[in-house]
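Chain identifiers are assigned alphabetically (A, B, ...) following the order of the sequence lines, protein sequences preceding nucleic acid strands; residue numbering begins at 1 within each chain.
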There are 2 protein chains.
Amino acid sequence: MASPHQKQTMKDRILQTADRLFYLKGIRAIGVDTISAEIGISKRTLYNHFPSKDALIAAYLEHRFVQPKPSDKSPVEQILGTFDALERRFGAKDFRGCPFVNAVAELGGEDKSVKEIAIAFKESRRLWFRDRLVELGVADPEGLATQLQLLVDGSIAQDLVRDDPAMARAAKDAARALLENAGVKVSSPDGAERNPGSAREG
Amino acid sequence: MASPHQKQTMKDRILQTADRLFYLKGIRAIGVDTISAEIGISKRTLYNHFPSKDALIAAYLEHRFVQPKPSDKSPVEQILGTFDALERRFGAKDFRGCPFVNAVAELGGEDKSVKEIAIAFKESRRLWFRDRLVELGVADPEGLATQLQLLVDGSIAQDLVRDDPAMARAAKDAARALLENAGVKVSSPDGAERNPGSAREG
DNA sequence: GCCAAGTTACACAGGTCTGTGTAACTAAAA
DNA sequence: TTTTAGTTACACAGACCTGTGTAACTTGGC
């Protein structure tokens, strides 16, 4: 949290470019030469800021691990809003699934640190759901949170292969049904919610 | 469908080995040298049977595209049994997610043919759910089938990163809730179903 | 002006990968 | 036996990869 509006450092530019290329094209598909060439710097400069490609990969994943912004909306709106945010992200042409799941799929069980951060991310999202469900006083917040997270990850995987934002709406419909089934009063079955979830769901 | 009990051909052995290694380690991570060395044949022989690695990748994915076996169980048992089968597969140490999703994640939107077969596979599984839901006479079989498929893919993605077969049980619980919510009578909320689903779910 | 930090160009080592070319070998069919 | 199809060993081309070494250059602060 340095001062805001600070000039973007070289390291930032490298990380930002690596992030975009790793995410869009795949980690193994992108070489350090490609990244440095894209920025217009020498490969040497890149290695002056990151000791290895592995370190850059780790920084990439840490960079993707962002927390949802706090919201003053009701828990139900926050939960359902997650799926509206997903639908918007699915519509963007630069969406290509969850970077953590993709990294695990690509780098395999070999790389333990990649798996660790992926697990941490998924669990943090599950806990986010759980906290909202606790607020709602549902009987089994842990279990229901897991189920909601399944819908999130399922719609991401489906959209990855189908390029179909409607997967997010299907997930939202299912989430609504599960919430109602748990005794939560859900107001509008239509899609009129405004300004939902917000934070990156990966 | 040649005569059964036929001797395994060289091509079969290559494909089988490529399947195992591609799936477990990743497509980009495995070179043709690794595959031929694993079988104990020369690289030349491999290229005598497959014109390129891309052709071998395509054969791998086609090989993974298997249809569920017909079943005489009730539609509800078949649907819920899918998740029992998933749980069993999650428990196996050689399970590493859905080969189609993984291939799309790894090879990116670049390779159009990979995406095509992945879409075809996912849609075939959705239709399998839909057909059972039509038998059950639910109001919106298309939509509910999509939702069930989201649970399948979500639990697969979650298990890929967490190595936790309980994800399949969570998906089953959610599926049961969605079915009941659609007016389907579901008998045993406990886990006593026997010999479910069976076919490979990717 | 001068220094120090950062950057650049460039070559290179050592490894991997896909795919080909070739000549010798093996084994089964004719 | 002879033919033929498949296989093998092996070298190699050409490309790409990660990472390093080095000497020259630019630039902001003093």
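Residues forming a side chain to side chain contact (heavy atoms under 4.5 Å, CB included) with A171(B) (at least two apart in sequence, or on another chain): L150(A), F83(B), L151(B), S155(B). Under the salt bridge (charged side-chain N to carboxylate O under 4.0 Å, His left out) criterion, R13(B) pairs with no residue, sequence neighbours left out. Under the ring-ring contact (aromatic ring centres under 6.0 Å, His included) criterion, Y47(B) pairs with no residue, sequence neighbours left out. For E135(A), there are no salt bridge (charged side-chain N to carboxylate O under 4.0 Å, His left out) partners at least two apart in sequence or on another chain. Looking at residues two or more places apart in sequence or on another chain, you find a side chain to side chain contact (heavy atoms under 4.5 Å, CB included) between S42(B) and R44(B), T45(B). The ring-ring contact (aromatic ring centres under 6.0 Å, His included) search around F90(B) returns F95(B), not counting sequence neighbours. Annotation: salt bridge (charged side-chain N to carboxylate O under 4.0 Å, His left out) contacts of E123(B) (sequence neighbours excluded): R162(A), R126(B). Residues forming a ring-ring contact (aromatic ring centres under 6.0 Å, His included) with Y60(A) (at least two apart in sequence, or on another chain): F22(A).
If you check dT18(C), dT7(D), dT20(D) against the side chain of M10(B), the one that comes closest is dT7(D).
Here the P atom of nucleotide dC17(C) and the CG atom of L21(B) are 12 Å apart, to the nearest Å. R44(B) places its CZ atom 16 Å from the P atom of dC12(D), with the value rounded to the nearest Å. Atoms NZ (K43(B)) and C1' (dT22(C)) sit 14 Å apart, rounded to a whole Å.
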Could you pull out all donor-acceptor pairs under 3.5 Å where a side-chain atom in residues 23-38 of chain B meets a protein atom, sequence neighbours excluded?
from	atom 1	to	atom 2	distance (Å)
Y23(B)	OH	R96(B)	N	2.6
Y23(B)	OH	G97(B)	N	3.3
Y23(B)	OH	G97(B)	O	2.7
R28(B)	NH1	E106(B)	O	3.0
S36(B)	OG	V32(B)	O	3.0
S36(B)	OG	D33(B)	O	3.1
E38(B)	OE2	R20(B)	NH2	2.3

Polar atom pairs (N or O), protein with nucleotides 23-28 of chain D, under 3.5 Å:
none

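Listed by residue number, Y47(A), S52(A), K53(A) are the residues of residues 45-57 of chain A with a heavy-atom contact under 4.0 Å to DNA chain D. Listed by residue number, D33(B) are the residues of residues 33-41 of chain B with a heavy-atom contact under 4.0 Å to DNA chain C.
Residues D163(B) and K115(A) are paired through a salt bridge, judged by an N-O separation under 4.0 Å between the basic side chain and the carboxylate.
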